[in-house]
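We're numbering straight along the sequence, starting at 1.
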Amino acid sequence: VSKKYFLTTVSSEAIALEVPANVDLTLQAGKRIFATGKYNKETQVLKVATASDIEILPIKITPVPTAIVPPASSNL
């Protein structure tokens, strides 16, 4: 019996996770995670290749400062 896992995005979308049979996400259930893989927009499935493609994130979201780069001038 395969287990089904879903990610919920900040915009409340549900994305299905497809993980290898040897990857157990039981400990990650209900936690904030970062997952990488191949995403299929049509089926809304993220195919994760290995367990190392999934990282548990801190509960509290910490903003990261970013610099705003002005557009390059076309008058050069």
Side-chain angles (χ1 to χ4, degrees):
V1 176
S2 65
K3 297 179 182 177
K4 294 192 180 210
Y5 298 98
F6 294 90
L7 292 176
T8 305
T9 67
V10 291
S11 59
S12 299
E13 286 183 276
I15 297 173
L17 280 179
E18 184 178 308
V19 297
N22 65 333
V23 175
D24 182 11
L25 296 180
T26 305
L27 296 176
Q28 287 85 352
K31 296 183 180 177
R32 290 182 64 239
I33 67 165
F34 178 78
T36 60
K38 292 185 178 183
Y39 180 64
N40 183 323
K41 269 186 164 180
E42 291 180 15
T43 61
Q44 293 186 315
V45 173
L46 179 66
K47 186 174 184 176
V48 177
T50 66
S52 63
D53 293 334
I54 299 171
E55 178 181 342
I56 296 177
L57 299 174
I59 293 172
K60 184 178 177 187
I61 299 173
T62 306
V64 176
T66 56
I68 298 174
V69 179
S73 175
S74 60
N75 297 342
L76 295 177

Expected list for residues 38-46: side-chain donor-acceptor pairs under 3.5 angstrom, two or more places apart:
| residue | atom | partner | partner atom | Å |
| --- | --- | --- | --- | --- |
| Asn40 | OD1 | Glu42 | N | 2.9 |
| Asn40 | OD1 | Thr43 | N | 3.1 |
| Gln44 | NE2 | Glu13 | OE2 | 3.4 |

**Asked** Under the side-chain contact (heavy atoms from CB on, under 4.5 Å) criterion, do Thr50 and Val23 qualify, and how do the steps go?
**Response** CA-CA 7 Å; Thr50 66; Val23 175; 5.9 Å; no
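When all heavy atoms of Val48 and Pro20 are compared, the pair lying nearest together is O-CD, 3.2 Å. Closest non-hydrogen pair, Tyr5 versus Asp24, comes out as OH-OD1, 3.7 Å.
The distance from atom CD of Glu55 to atom CD of Gln28, rounded to the nearest 0.5 Å, is 11.0 Å. Here the CD1 atom belonging to Ile15 is positioned 9.0 Å from the OG1 atom belonging to Thr8, to the nearest 0.5 angstrom. With rounding to the nearest 0.5 angstrom, the NZ atom of Lys4 is 10.0 Å from the CD atom of Glu18. Here the CD1 atom belonging to Ile33 is positioned 5.5 Å from the CG atom belonging to Leu17, to the nearest 0.5 angstrom.
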